Amino acid sequence: MNRLCALLFPVFILSLISSVHLAAQQTDDLVRFRLAQSFEQSGDWEKAAEIYQSLLRGEPQNYVYFDRLRTAYLQLKEYGKAIGIVKERLQWSPKDPALLASLGGLTYRSGNEARADSIWGLVVKEQSRNVQLYRLLAAEMMNLRLYERCIRLYNNARAEVRDPNIFTEELASLYVALQQYSSAVREFVRVIRLNPAAAANIRYRIQLFSQKPEALKEAIDVVKAEVAQQQQAPDVQILFLLGWLYIEAREYEQAYAVYQRIDDAAGAQGRELYNFGTQMFQRGEYLLSIRALEGLLKKAPASIFAKQAEFMRARAAEELARNAASAENMPQTDTSFTAQSAVRMYGEIIRADSLSPLAAQSWYRIGLLKRDLLFDLHGSAVALRNAERLPSAGTTRFDAGLARAEALLLNNDLSGARGEYERLSAKTPADVQRTAKFRLAELDYFDGKFDDALAKLAPFEDTLNLTLSNDALRFQAFISENKRNAGILTAFARIELLQRQRKLTEADASMNAELPAFAASGLYDDALMLAGEIASALKRPQEAIAYYRMVTDTIPHSIHKDKAQLKIADAYRALAEDSVKAFAAYEELLVKYPDSIYAEEARRRMRELRGERVQ
Amino acid sequence: MKRLFAILVAALTFSVSEGQNKILIPMDLEQTDHLKAYGIAYWILTHNAEVDWLLNWRGGSFMTDAAEPVARECRIRGVAFEAIGPSRAAEIYSEVQRDDNNMDVVRLEKAPKVAIYAPPSALPWDDAVRMAFEYAEIPYTRIWNEEVLSGKLNEYDWLHLHHEDFTGQYGKFYSNFRNAPWYIEQQTTYEREAKRLGYKKVSEMLKAVARSIRDFVGNGGFLFAMCSATDAFDIALAAEHADICDAMYDGDPPDAKAQSKLDFSKTLAFENFTLDMNPLRYEYSDIDIPPSDPPPIRDPETDYFTLFGFSAKFDPVPTMLTQNHVAIVKGFMGQTTAFRKKLVKPSVVILGEREGTEEVKYLHGNFGRGFFTWYGGHDPEDYQHAVGDPPTDLSLHKNSPGYRLILNNLLFPAAKKKERKT
């Protein structure tokens with residue numbers, strides 16, 4: 001027993017010493033590791049590397065030591081040393097893809113691109129269909145900002161894996177980053193084909209670069225070619241993409257052709273034509289809007305969108321008629337769509353269903369057209385009354401009421417207009433009430449009841465934040481200044497009413513008759529301005545200019561001098577088409593009234609006359 | 001053509017009153033549009049006429065020979081002017097040139113040819129100088145790396161840099177914008193450009209650009225930089241032999257000893273600065289004060305800087321650069337808001353500072369045969385401009401003192417060289 005103890009004791013002592021030594025060694029390594037980390041954090045990579053180096057020598061298989069030392073070498077740009085430790089590690093696992101990828105990266109950094117390529121080739125050599133390996137390599141290449149090499153890698157992967165649809169997202173992002181928009185869009189198309197639900201997201205991603213004209217063109221070319229390849233059974237989402245791209249590029253005709261195909265391919269029964277027609281209406285492309293909507297009505301007359309399409313078509317026709325009638329014609333006009341044709345279209349809608357909300361809307365639109373463009377004031381009032389009376393009219397009834405009152409006023413039925421405005425000035429929405437009250441004040445003014453008008457305008461002083469308040473206050477000031485000479489002001493108001501009613505010849509005659517009386521009053525300059533406006537409306541620019549000149553030259557303290565000067569210039573420019581005199585007249589405004597609120601406008605118009613592009 | 005001729009004929013209708021032989025463009029509070037007034041001065045120079053800059057007289061007014069086209073152009077652009085007779089003109093000149101007045105006359109003779117360094121994708125409203133020029137109707141040419149590196153700078157007299165990052169760290173927007181499409185596109189565009197021009201790294205290309213620009217100044221050019229183009233430019237010059245870009249910028253880590261490798265003898269305005277190479281911090285160095293990261297919190301209502309006064313007769317250059325109708329100017333921030341005074345080289349003249357602080361806002365110096373001016377902050381009328389903010393509408397800031405300082409720099413190279421009095 002003693003002998004056995006004598007034998008075991010030294011063994012015990014030896015193992016005790018050894019384990020104590022091991023524990024001490026481990027503690028020492030841990031301390032040194034922490035020290036290296038703190039050097040790392042303070043940016044002293046040289047000292048950190050020294051410690052990691054010695055730690056790795058003591059424990060060559062420790063991955064953490066290896067990884068930190070590799071990082072330290074990288075920071076110190078000691079690529080040769082980093083390559084050395086990676087190679088040592090590869091001896092234990094020669095095919096480790098992560099190590100090979102890293103070795104390739106380090107080799108690339110050391111300047112040996114060809115060698116790096118061959119090392120990276122080894123990563124996928126034996127498992128060329130392993131998608132994850134390509135991702136690993138791509139990550140390394142991305143770190144090195146080798147985007148084009150990365151694209152080549154992904155494309156090779158597709159060939160190796162024999163799957164043309166892998167890495168679509170990755171490739172699309174890379175192509176966008178490299179501004180290779182055609183290739184990017186090809187990938188996006190692939191994404192949509194694989195996952196049609198991603199279409200909206202793809203559209204958003206294309207939108208990030210489609211504001212560049214060249215990028216948009218490339219996108220269109222790619223999607224167009226894609227669609228051309230699928231003549232027989234086109235993918236609807238791809239067609240949508242093409243249609244949207246055409247709209248972005250304002251190539252509306254092409255977009256329309258695509259939407260026709262979409263409607264067929266999706267079996268939409270005209271829904272997509274309706275959507276397109278609506279979009280075109282919103283963009284002011286009224287002719288194309290009408291074509292699309294008529295396409296729907298022809299193709300699917302029983303479609304649930306048909307009625308709405310008929311109304312929208314009439315609205316587009318109305319806008320074309322208004323454009324044609326406006327003094328400054330819009331670029332897109334078509335004489336085949338007159339006010340009458342728009343009225344006819346609205347009439348058909350009413351005949352089809354006289355009680356529907358669309359019928360109420362149609363009566364309202366007919367009323368406006370007859371009032372504004374056809375000057376059929378009685379017909380206008382009747383139509384607007386019909387709109388008001390329909391239970392389906394909703395809030396349109398208030399708009400129709402205000403419009404009807406204006407039609408009555410224009411038709412010189414002032415008491416009828418007053419009745420309508422009084423009705424609207426109570427128990428209606430606040431903005432309708434305010435408008436009605438302002439109009440009632442106008443009627444009082446036209447009737448010569450100036451104190452009544454002022455009383456109605458007074459509440460507007462408390463609501464200065466409203467747009468209408470400016471007009472109300474200006475009107476209030478004008479009446480207050482001139483009401484002491486009630487006879488003169490009444491005559492002036494009467495001429496203003498005639499002008500408003502477009503009875504220009506009568507207004508002109510009255511003005512000629514009253515002008516001497518006005519000359520002796522405080523509103524002579526207002527009268528001359530009004531006379532100028534009437535003469536302008538009667539296309540007598542020289543006469544208008546003469547009236548305005550009287551304001552600028554003969555009334556020393558008129559507040560209208562600068563405005564009159566602007567009107568002179570405008571009359572030369574627009575009516576007399578005399579740009580030389582117009583330029584001089586604008587300049588005269590700047591010389592004589594440099595602080596005028598019209599100075600900016602005069603400057604802008606002078607620049608236009610000089611041929612400058614003015615925003 | 002006929003129409004244009006007719007308009008010119010019509011234009012003769014309003015001539016400057018007889019007997020008035022000078023047009024005075026006041027630059028004090030009487031001026032309706034200070035910024036366009038500079039445009040008028042430039043326009044006159046482009047029409048081979050001369051302009052006298054009356055330093056320190058009514059805010060640095062301009063005087064030129066009376067001519068109807070000048071008067072008309074003033075009217076169209078909304079610039080206030082006065083037509084004055086010979087005796088009044090003589091009186092003004094005499095007052096300005098009197099020895100006991102800190103005023104002087106500088107004759108402007110030639111419109112400088114202006115270039116602005118900016119990438120093709122840069123939008124005019126992201127650069128206060130481009131906005132000022134567009135508003136004041138001053139023509140300029142946009143140039144970029146290829147033009148600079150191929151020596152085309154010699155074709156210009158005046159160059160502006162705004163917030164281009166010559167260090168190759170892409171404005172240090174990495175932390176907040178690394179995934180933003182514009183950031184990615186910017187980085188790839190620069191990388192492609194560097195490759196195309198034969199540089200392995202963007203930072204190498206940009207350092208070469210910075211050196212070319214420094215040579216341009218050395219050869220007599222005028223350089224005006226704002227915002228982060230100021231410190232980034234000097235940092236790029238100092239770091240000629242050090243890699244200060246982290247891996248996300250150029251694919252490899254920065255030089256561990258970059259700071260000690262900086263060569264301050266190569267810089268124009270700053271020295272002894274310490275780099276901030278943390279890629280996650282939106283700051284290049286300790287030059288910028290207050291630092292941009294974290295964003296400083298300041299009350300715009302109390303943020304002003306003061307322009308120094310100089311002797312017009314003895315120091316005409318700094319006097320020209322500080323002409324204004326106010327002496328105290330509203331502050332504004334930028335990626336580089338102001339410069340730490342202790343890091344400004346002693347040879348550099350401080351034109352404006354935030355009084356009682358270490359913050360230099362506006363400085364000027366000579367290098368070789370040329371001049372440079374640095375102006376901290378991004379946009380004088382947008383206190384704290386951020387990426388994606390809407391552009392400033394200068395028609396709402398026609399009398400901006402901050403913008404005037406920019407435009408002073410444009411006219412300064414037009415001045416006739418005078419014998420120095422000291």
Side-chain angles (χ1 to χ4, degrees), chain A residues 43-46 48-49 71-79 105-106 108-111 141-148 173-174 176-180 205 208-209 212 572 578-592 594-595 599-600 602-607 609-612, chain B residues 1-17 32-33 36 68 71-81 121 137 179-192 195 200-202 243 246-259 277-278 395:
Chain A
D44 194 342
W45 289 99
E46 280 180 352
T71 304
Y73 284 148
L74 253 176
Q75 290 294 331
L76 293 165
K77 301 192 181 185
E78 303 259 22
Y79 302 123
L106 289 165
Y108 179 84
R109 283 182 173 95
S110 72
M141 289 173 178
M142 293 283 273
N143 283 339
L144 292 163
R145 311 196 56 71
L146 299 172
Y147 300 128
E148 282 173 7
S173 300
L174 278 165
V176 171
L178 293 173
Q179 295 159 60
Q180 296 176 16
R205 290 174 67 181
L208 295 175
F209 58 81
K212 294 179 187 169
Y572 277 129
D578 189 338
S579 53
V580 178
K581 284 186 178 160
F583 190 91
Y586 286 127
E587 191 167 10
E588 194 175 342
L589 189 153
L590 297 178
V591 172
K592 290 184 174 169
D595 301 325
E600 267 315 304
R603 286 190 188 108
R604 194 177 67 81
R605 293 184 195 178
M606 285 173 84
R607 285 178 185 263
L609 285 170
R610 282 208 305 201
E612 289 176 39
Chain B
M1 190 62 201
K2 258 184 176 174
R3 194 166 160 221
L4 187 67
F5 178 74
I7 288 172
L8 287 173
V9 171
L12 294 174
T13 317
F14 298 98
S15 51
V16 176
S17 309
T32 46
D33 195 328
K36 281 204 191 274
E68 187 43 35
R72 180 170 311 107
E73 207 55 39
C74 286
R75 286 183 201 116
I76 290 179
R77 298 192 189 190
V79 171
F81 69 96
S121 57
E137 301 173 59
N179 294 322
W182 65 265
Y183 181 89
I184 297 166
E185 187 179 318
Q186 179 199 41
Q187 193 161 356
T188 52
T189 303
Y190 273 77
E191 281 168 349
R192 223 171 21 197
K195 203 169 167 188
K200 202 174 171 192
K201 287 182 175 186
V202 170
D243 177 0
D246 214 323
M248 62 284 289
Y249 303 126
D250 62 0
D252 64 15
D255 199 326
K257 292 181 178 166
Q259 179 64 41
M277 297 201 301
N278 180 351
S395 66

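Here the structure is a predicted model, which means the values were calculated and not measured.
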Item checked: Heavy-atom side-chain contact between B:Lys201 and A:Arg145 under 4.5 Å -> no
Margin query: Within the structure provided, determine whether A:Met606 and B:Arg75 are in side-chain contact (heavy-atom separation under 4.5 Å).
Written below: no
Next item on the list: Report the distance from atom CD of B:Glu137 to atom CZ of A:Arg607, rounding to the nearest 0.5 Å.
Entry: 4.0 Å
Notebook entry, point to check: So which part of A:Leu178 gets closer than 4.5 Å to some heavy atom of chain B, the side chain, the backbone, both or neither?
Noted result: both
Notebook entry, point to check: So what's closer than 4.5 Å to chain B heavy atoms on A:Ala177: side chain, backbone, both or neither?
Noted result: both
Checklist line | B:Lys257 atom NZ, over 12 foreign heavy atoms within 6.0 Å | finding: no
Note to self: Between B:Arg192 and A:Glu148, does any side-chain N to carboxylate O distance fall below 4.0 Å?
What the structure shows: no
Check: Testing B:Asp250, B:Asp255, B:Asp243 for salt bridge (charged side-chain N to carboxylate O under 4.0 Å, His left out) with A:Lys77, which one passes?
Finding: B:Asp243
Note to self: I'd like to know whether A:Gln179 forms a side-chain contact (heavy atoms from CB on, under 4.5 Å) with B:Glu185, so could you lay out the CA-CA distance, the side-chain angles of the two residues, the decisive distance to 0.1 Å, and finally the verdict.
What the structure shows: CA-CA 7 Å; A:Gln179 295 159 60; B:Glu185 187 179 318; 3.2 Å; yes
Note to self: At a 4.5 Å cut-off on heavy atoms, which part of B:Met248 comes close to chain A: side chain, backbone, both, or neither?
What the structure shows: backbone
Check: Between B:Gly251, B:Ala256, B:Ser395, which has the largest tally of heavy atom pairs under 4.5 Å with chain A?
Finding: B:Gly251
Item checked: Test item: B:Ile76 and A:Arg610 side chains (from C-beta on) under 4.5 Å apart, heavy atoms -> yes
Item checked: Any side-chain heavy-atom pair of B:Glu191 and A:Tyr147 under 4.5 Å -> yes
Next item on the list: Could you tell me which portion of A:Tyr108 (side chain, backbone, both or neither) has an atom closer than 4.5 angstrom to a non-hydrogen atom of chain B?
Entry: neither
Check: What part of B:Thr189 lies closer than 4.5 angstrom to a heavy atom of chain A: side chain, backbone, both or neither?
Finding: both
Check: Taking atom CG of A:Asn143 and atom CG of B:Asp252, what is their separation to the nearest 0.5 Å?
Finding: 12.0 Å
Next item on the list: Could you look at B:Tyr183 and say if it's the side chain, the backbone, both or neither that has a heavy atom under 4.5 Å from chain A?
Entry: neither
